[in-house]
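Quick notes on the structure that follows.
Indexing begins at 1, ligand by ligand and atom by atom, following the structure's order. These numbers come from a predicted model, not from an experiment. By convention here, the first residue in the shown sequence is residue 1. Values below: every heavy atom of this structure, side chains too, minus hydrogens, waters and symmetry copies.
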Amino acid sequence: MAPTTEHDQSARPSTLLITGGAGYIGSHTCVALQAAGYRLVVLDNFCNSQPETLDRVERISGQRLTAVHGDVRDRALLDRVLSEQAIAGVIHFAGLKAVGESSEKPLDYYENNVAGSVTLLQAMQAAGVKTLVFSSSATVYGMPQFLPYTEAHPLAPVNPYGRTKLMVEDMLRDLQQADAAWRIAILRYFNPVGAHPSGLIGEDPQGIPNNLMPFIAQVAGGRRAFLNIWGNDYDTPDGTGVRDYIHVDDLAAGHVAALQHLQRGAGSVTLNLGSGVGHSVLEVAQAFEAACGRPIARQFAPRRAGDLPAFWADSSLAQQVLGWRAASSLTQMCEDTWRFQRGLQTAS
Ligand code: NAD
Ligand code: UFG
């Protein structure tokens with residue numbers, strides 16, 4: 001076999017643009033992509049993350065990445081990045097994600113999530129970069145008409161955040177219709193939790209956590225006195241809300257598989273990424289107690305406005321199309337979250 005040279009394009013690892021790559025899911029996906037041989041350019045405005053996270057990604061992977069401090073709404077910057085680097089595809093994580101806040105500040109969400117995506121897609125189109133993986137959410141389904149949700153479930157989100165995700169999905173479907181050269185993977189995440197087993201990266205929300213797992217982790221670490229369980233009168237086995245928790249490293253692996261699928265030319269896809277199993281709030285609290293060896297003080301409180309009683313994924317299409325499935329147990333998710341939480345507390 002002829003030796004590969006600097007000029008042998010086919011032998012070069014492809015370079016990807018990762019928007020929002022310093023965030024929770026993005027950082028774990030960067031580690032997985034580097035392990036799979038990709039070179040990365042990360043664009044992040046750090047509105048919900050720290051530049052230091054990218055140093056940690058490099059420490060874990062032992063590989064460098066290019067960090068660009070900037071905003072996906074900055075067209076000139078995108079044009080520059082897309083022309084200076086030989087970008088083969090984009091994974092678009094950047095966006096705002098707090099459901100409650102999206103009802104209070106809807107314009108911020110439409111501006112960042114929808115207008116930001118329009119700007120990114122225009123820049124990609126102009127640069128001829130037409131391979132995209134997009135972070136969507138199970139929240140696009142809305143009130144379950146059947147469970148588990150399949151990708152064919154009607155789409156009827158019940159909050160502004162969910163509507164921004166559906167709008168971008170619709171835009172991507174229209175774009176694909178207009179120009180078949182686009183290769184697009186829309187990934188609908190269920191409830192990502194856990195952290196990298198190194199304990200170096202994980203989810204560290206600013207202020208009071210909205211989401212269950214980071215809240216429980218802070219109770220375990222003594223930063224919060226007790227967990228409020230929002231509702232114990234749902235029509236679920238123990239009365240508390242049921243969700244499909246998926247380890248963030250399984251989710252990261254799903255992105256690598258989706259990207260490889262697109263790069264093989266195997267066609268655009270819309271896929272649920274979940275574990276396929278529902279766990280109640282009480283089950284999560286008990287699993288966390290077992291993982292950290294401490295009691296999780298808790299009390300029942302009224303239902304949280306806007307919460308659905310229960311939902312989980314049918315992820316069989318992702319398994320069929322990508323050969324991917326979530327492998328981690330709830331125990332592993334709790335153990336890895338706890339390791340990261342302890343690291344945070346030692347550092348502070
Ligand atoms: P995150 O907030 O940790 O990461 C988002 C990153 O994007 C952050 O680093 C933030 O600084 C950056 N960012 C935000 N707006 C930007 C902009 N305009 N320009 C450049 N960078 C910007 O969130 P996450 O949990 O990692 O979520 C990643 C994506 O997945 C989001 O689009 C989110 O909506 C989606 N998603 C998340 C969940 C979840 O539960 N975590 C579930 C479903 C979908
Ligand atoms: N919960 C509590 N106490 C808390 C926090 C949560 O009891 O302090 C309960 C909720 O009522 C719910 C379950 O824990 O039953 C999970 O709640 P999360 O806030 O962790 O997650 P959600 O399912 O409400 O929403 C998350 C993301 C959304 C995303 C959705 C589906 O926040 O952005 O998963 O992917 F759309």
Side-chain angles (χ1 to χ4, degrees), residues 18-29 42-51 53-54 68-74 77-78 91-100 102 108-109 111-113 115-117 119-120 134-141 149 157-159 161-162 164-165 168 187-193 202-206 208-216 218-219 224 226-232 234 236 240-246 248 251 255 272-274 278-282 284-285 298-313:
I18 314 295
T19 75
Y24 172 48
I25 303 168
S27 57
H28 290 79
T29 305
V42 172
L43 175 79
D44 204 302
N45 67 4
F46 304 112
C47 69
N48 198 34
S49 57
Q50 311 290 335
T53 300
L54 296 176
V68 179
H69 186 169
D71 199 293
V72 287
R73 291 163 290 182
D74 182 344
L77 174 65
L78 290 174
I91 305 188
H92 182 32
F93 292 105
L96 303 178
K97 64 165 182 175
V99 173
S102 77
D108 288 1
Y109 277 69
E111 221 256 317
N112 202 331
N113 296 4
S117 297
T119 304
L120 174 66
F134 173 63
S135 297
S136 189
S137 168
T139 199
V140 295
Y141 294 122
Y149 288 132
V158 295
N159 53 60
Y161 166 70
T164 67
K165 290 293 174 188
V168 178
L187 303 181
R188 295 179 180 150
Y189 313 154
F190 281 66
N191 289 52
V193 296
E203 190 175 17
D204 182 19
Q206 293 161 8
I208 301 171
N210 288 313
N211 296 119
L212 179 65
M213 190 66 94
F215 200 104
I216 290 182
Q218 292 193 5
V219 174
R224 312 256 161 225
F226 57 86
L227 168 71
N228 276 311
I229 296 181
W230 307 125
N232 65 339
Y234 285 114
T236 59
T240 67
V242 168
R243 295 289 184 274
D244 181 328
Y245 297 94
I246 174 171
V248 65
L251 200 55
H255 288 73
N272 286 340
L273 294 186
H279 290 289
S280 72
V281 177
L282 276 176
V284 176
R298 51 190 180 255
Q299 66 177 24
F300 292 121
R303 294 178 179 193
R304 184 170 65 176
D307 267 356
L308 296 172
F311 62 83
W312 61 97

*Could you pull out all residues at least two apart from T53 that satisfy side chain to side chain contact (heavy atoms under 4.5 Å, CB included)?*
S27, Q50, I201
*Is the shortest distance from a heavy atom of F300 to ligand 2 less than 4.0 Å?*
no
*Enumerated ligand 2 atoms positioned under 4.0 Å from heavy atoms of K97*: 33 (O)
*Considering only heavy atoms, does H92 approach ligand 1 within less than 4.0 Å through its side chain, its backbone, both, or neither?*
neither
*Determine, considering heavy atoms only, which of Q206, R188, K97 sits nearest to atom 24 (P) of ligand 1.*
K97
*Looking at N112, which atoms of ligand 1 are within less than 4.0 Å of one of its heavy atoms?*
15 (N), 16 (C), 17 (C), 18 (N)
*Quick one: pull up CG in L77 and CG in D71 and give me the separation to the nearest 0.5 Å.*
8.5 Å
*With atoms numbered from 1 as shown, which atoms in ligand 1 lie under 4.0 angstrom from a non-hydrogen atom of Y161?*
33 (C), 34 (O), 35 (C), 36 (N), 43 (C), 44 (C)
*asked:* Distance under 4.0 Å to a non-hydrogen atom of F190: what atoms of ligand 2 satisfy this?
replied: 31 (C), 35 (O)
*Would you mind telling me if ligand 1 is within reach of the side chain of E203, the backbone, both or neither, using heavy atoms under 4.0 Å?*
neither
*Under the side-chain hydrogen bond (donor to acceptor under 3.5 Å, both in side chains) test, which residues partner S102, sequence neighbours left out?*
none
*With a 4.0 Å cut-off on heavy atoms, does A22 reach ligand 1?*
yes
_Proximal ligand 1 atoms for S49, defined as those under 4.0 Å from one of its heavy atoms_ = 8 (C), 9 (O), 11 (O)
_Qualifying residue, where the test is side chain to side chain donor-acceptor pair (under 3.5 Å) with N272 and the options are Y141, Y189, W312_ = Y141
*For D307, counting its heavy atoms only, list the atoms of ligand 2 lying under 4.0 Å from any of them.*
10 (C), 11 (O), 24 (O)
*Whether T19 lies under 4.0 Å from ligand 1, heavy atom*: no
_Enumerated ligand 2 atoms positioned under 4.0 Å from heavy atoms of I229_ = 7 (O)
*asked:* At under 4.0 Å between heavy atoms, is it the side chain or the backbone of Y234 that contacts ligand 2, or both, or neither?
replied: neither
*Judging by distance only, is a nitrogen or oxygen of V242 under 3.5 angstrom from one on ligand 2?*
no
*Are any of the N or O atoms of G23 closer than 3.5 Å to those of ligand 1?*
yes
_Between CD1 on residue I91 and NE2 on residue H255, distance to nearest 0.5 Å_ = 6.0 Å
*Below 4.0 angstrom from a heavy atom of T139, which ligand 2 atoms are there? Numbered from 1 as shown, please.*
36 (F)
_As an exercise, identify every atom of ligand 2 less than 4.0 angstrom from a heavy atom of Y161._
33 (O), 36 (F)
*At under 4.0 Å between heavy atoms, which part of L308 makes contact with ligand 2: side chain, backbone, both or neither?*
neither
_Can you tell me which portion of V281 lies within the under-4.0 Å heavy-atom range of ligand 2? Options are side chain, backbone, both, or neither._
side chain
*In a check of side-chain contact (heavy atoms from CB on, under 4.5 Å) between T19 and each of L78, V72, V42, which one passes?*
V72
*For ligand 1, which atoms, with element, lie under 4.0 Å from some heavy atom of S135?*
29 (C), 30 (O), 32 (O), 35 (C)
*Would you mind listing which atoms of ligand 1 come within a distance below 4.0 Å of any non-hydrogen atom of C47?*
10 (C), 11 (O), 13 (N), 14 (C), 15 (N)
*Which is closest to atom 27 (O) of ligand 1 in terms of heavy atoms, I25, D74, N210?*
I25
*asked:* Could you check whether any heavy atom of A138 sits closer than 4.0 Å to an atom of ligand 1, since that is the contact criterion I want to use?
replied: no
*Determine, considering heavy atoms only, which of F93, Y109, F190, F134 sits nearest to atom 42 (C) of ligand 1.*
F190
*asked:* Test your reading of the structure: does V72 have an N or O sitting under 3.5 Å from an N or O of ligand 1?
replied: yes
*asked:* So if I count the atoms of ligand 1 from 1 in the order they appear, which ones are less than 4.0 Å from some heavy atom of S137?
replied: 43 (C), 44 (C)
*Could you tell me which atoms of ligand 1, counted from 1 in the order shown, lie closer than 4.0 angstrom to a heavy atom of S136?*
43 (C), 44 (C)
*Judged by non-hydrogen atoms, does D71 sit under 4.0 Å from ligand 1?*
yes
_For F46, which part has a heavy atom under 4.0 Å from ligand 1: side chain, backbone, both, or neither?_
backbone
*Option nearest atom 21 (O) of ligand 2 (shortest heavy-atom distance, choices I208, N191, V193)*: N191
*Give the numbers and elements of all ligand 2 atoms closer than 4.0 Å to a heavy atom of N210.*
5 (C), 19 (O)
